[in-house]
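All remarks here apply to the structure that follows.
Protein chains get the first letters and strands the later ones, always in sequence-line order, with residue 1 at the start of each.
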Protein chains: 2
Amino acid sequence: MAARKKAMDELSKEMIIQEANKQFLTSDFHKVSMRAIAKELGCSHGAIYYHFANKTELFYAVVEQYFTELNMTLENVIQEEGDSRSKMAAVFTGFIEFGLNHQSQYEFMFMQRNKEVNPLSQQASNESYTKFAQVLQELTNHTLSLAKIYSTFISLHGFVSHYRGFVENYNEAKEAAIQHSQFLLEALD
Amino acid sequence: MAARKKAMDELSKEMIIQEANKQFLTSDFHKVSMRAIAKELGCSHGAIYYHFANKTELFYAVVEQYFTELNMTLENVIQEEGDSRSKMAAVFTGFIEFGLNHQSQYEFMFMQRNKEVNPLSQQASNESYTKFAQVLQELTNHTLSLAKIYSTFISLHGFVSHYRGFVENYNEAKEAAIQHSQFLLEALD
DNA sequence: TAATTTAATTAACCAATGGTCAATAAAGGA
DNA sequence: TCCTTTATTGACCATTGGTTAATTAAATTA
């Protein structure tokens, strides 16, 4: 009955992550099932559990790369041209753009409140916040209070978390995003 | 095999809503199951489906009262004593307080992006936003732009949606909430 | 009061889900 | 060649939301 595939057909963590990522792009965490992933990979869903302890762990592996993508996005703004004010605006819209163009990922990264996810995803999201704070400090010569930075971050999060699911991608909310960024910029003066 | 209970033991919408509400207080939408509700009511879970088309409809019925509670909270601030600035702060912290003291309800009311919920819960949440905007307009003699009001709302939503699950109730985030409200107040100047 | 209609309930069912595990077969080393 | 490790299967478990035929109590009508 049971079996093992030939070497070249064997599963690898990478393959699983890739397929999970693929399905994650158009569907959210709860709708992507281990069975659907397995089916597409041509294996039984039990096989996935040999490589990942559970669904959450698999999706954390998927989402890891998105954390670094976000951090890079934030950091890269500093290198761009323009005055620091427009750079700050770019940080704000950049964050929103990331959130609205990777909605299921964003949800998993910043909105999941599952017990199991906490230790993993929560630390990573803290690091992203730290990166955000660093960049802002740098762009303002460290004149901003932590409280203001935190409020700004929370307000950006609010934008993403509000428009998520209501809009398909960043472009559809671009104008509102720019206005919101402007609002926050003024608040920081 | 099957049966019908005696008149006084019959199920009513009210009883179901009450029990669902009760379980909703300490657990979120996905964790409260129709079966658990039925068990506590001493009936089969199928019986609930005679009174409510599905889980979503039941929970919308539960949450309806919370929408009016929130609207009242917002509205009542106007009657309080104090200058309009402190009243605005009270509106902000009032919204946050509601959100953090009714987390599962808030999630269902403002964060659910389920297709089925949309028509119901989305309209109600729009009404709550409208109420919020009205109160703010009134407190500022209609000098606020719609864009600023919207940004403010979104920023408050961000606070709740960020602290939710991280904190048990409003009190645990009170200081941060006050600071955030202050931040938004300044932004509106 | 008797017959009929209507409302409510049950229990068996369905199709999913995440997760576990013994059995098994391939791979690789001795 | 034998043995051990490793990867995979598929049957299983409990649980979920949801549906439905059958049944029976209550309300209505004659």
Side-chain angles (χ1 to χ4, degrees), chain A residues 1-20 23-24 27-63 104 108 112-118 120-121, chain B residues 1-20 23-24 27-63 104 108 112-118 120-121:
Chain A
M1 285 197 204
R4 170 175 178 161
K5 289 193 176 165
K6 303 206 171 153
M8 50 166 287
D9 293 336
E10 271 188 20
L11 272 178
S12 71
K13 280 200 173 193
E14 261 322 308
M15 290 166 59
I16 301 172
I17 291 175
Q18 221 167 45
E19 180 57 36
Q23 300 198 16
F24 207 15
S27 194
D28 64 88
F29 178 68
H30 286 106
K31 283 182 199 148
V32 177
S33 72
M34 298 300 256
R35 283 173 161 84
I37 294 168
K39 191 174 186 177
E40 206 63 29
L41 287 171
C43 68
S44 72
H45 77 286
I48 298 180
Y49 285 90
Y50 181 80
H51 299 272
F52 294 95
N54 52 46
K55 192 181 176 183
T56 306
E57 197 181 273
L58 165 58
F59 278 84
Y60 178 71
V62 170
V63 121
S104 354
F108 190 90
Q112 199 80 356
R113 288 292 182 278
N114 216 303
K115 323 119 205 142
E116 303 124 34
V117 195
N118 270 354
L120 299 165
S121 189
Chain B
M1 286 198 204
R4 172 178 176 157
K5 288 193 177 167
K6 305 211 167 149
M8 50 165 286
D9 293 337
E10 271 187 22
L11 224 43
S12 72
K13 281 199 173 192
E14 263 321 308
M15 289 165 58
I16 301 172
I17 291 175
Q18 221 166 45
E19 179 58 34
Q23 301 200 14
F24 207 15
S27 193
D28 65 87
F29 178 67
H30 287 106
K31 281 182 200 149
V32 177
S33 73
M34 299 299 255
R35 283 173 161 85
I37 294 168
K39 191 173 187 178
E40 206 63 30
L41 287 171
C43 68
S44 73
H45 77 286
I48 298 180
Y49 285 90
Y50 180 81
H51 300 271
F52 295 94
N54 51 46
K55 191 181 175 181
T56 307
E57 199 181 89
L58 165 58
F59 277 84
Y60 178 71
V62 170
V63 121
S104 355
F108 191 90
Q112 198 81 356
R113 289 295 182 273
N114 217 306
K115 322 115 204 148
E116 304 123 32
V117 194
N118 271 353
L120 300 165
S121 188

Item to check | Presence of donor-acceptor pair under 3.5 Å, side chain of His45(B) and base of dG17(D) | outcome: no
Next on the checklist: Please list, in numerical order, the residues of residues 31-39 of chain A that have a heavy atom closer than 4.0 Å to any atom of DNA chain D.
Outcome noted: Arg35(A)
Checklist entry - Would Lys13(B) and Leu58(B) count as a side-chain contact (heavy atoms from CB on, under 4.5 Å) if you check the C-alpha gap in whole Å, the side-chain angles of each, and the deciding distance to 0.1 Å? => result CA-CA 9 Å; Lys13(B) 281 199 173 192; Leu58(B) 165 58; over 6 Å; no
Checklist outcome for this item: Phe59(B) CZ to dG18(D) C1', in whole Å, measures 15 Å
Next on the checklist: What's His51(B) touching, base or sugar-phosphate or nothing? Going by heavy atoms closer than 4.0 Å.
Outcome noted: sugar-phosphate
Next on the checklist: At less than 4.0 Å, is any side-chain N or O atom of Tyr50(B) found next to OP1 or OP2 of dA8(C)? Yes or no.
Outcome noted: yes
Checklist entry - Looking at side-chain heavy atoms only, is the closest gap between Ile37(B) and Leu41(B) below 4.5 Å? => result yes
Checklist entry - Within 45 degrees of the axis of the six-membered ring of Phe29(B) and under 6.0 Å from its centre: does Lys55(B) put its NZ or CZ there? => result yes
Checklist entry - Closest nucleotide of DNA chain D for Cys43(A) versus for Tyr49(B): which of these residues is on the 5' side? => result Cys43(A)
Checklist entry - Which whole-number value in Å describes the distance from Glu10(A) CD to dA25(C) P? => result 16 Å
Next on the checklist: Parallel, tilted or perpendicular, judged at 30° and 60°: which one describes the rings of Phe59(B) and Phe24(B)?
Outcome noted: perpendicular
Checklist entry - For the pair made of CD1 in Ile16(B) and P in dA8(C), what is the distance, rounded to whole Å? => result 10 Å
Next on the checklist: For a side-chain contact (heavy atoms from CB on, under 4.5 Å) check, start with the C-alpha distance between Ile17(B) and Phe52(B), then their side-chain angles and the critical distance, and finish with the verdict.
Outcome noted: CA-CA 10 Å; Ile17(B) 291 175; Phe52(B) 295 94; 3.7 Å; yes
Next on the checklist: Rounded to whole Å, how long is the line connecting atom CG of Asn54(B) with atom P of dG17(D)?
Outcome noted: 11 Å
Item to check | Gap between atoms NZ and C1', on Lys13(B) and dA8(C) respectively (whole Å) | outcome: 14 Å
Checklist entry - Considering residues at least two apart in sequence or located in another chain, which fulfil the salt bridge (Lys or Arg N to Asp or Glu O under 4.0 Å) criterion with Lys31(A)? => result Asp28(A)
Item to check | Interatomic distance where CG belongs to Asp28(A) and C1' belongs to dT17(C) [whole Å] | outcome: 14 Å
Item to check | Any residue meeting side chain to side chain contact (heavy atoms under 4.5 Å, CB included) with Glu40(B), in chain and number order, not counting sequence neighbours | outcome: Glu19(B), Gln23(B)
Next on the checklist: In whole Å, I'd like the distance from the CZ atom of Phe52(A) to the C1' atom of dG18(C).
Outcome noted: 16 Å
Item to check | Length of the NZ-P vector between Lys55(A) and dA16(C), whole Å | outcome: 15 Å
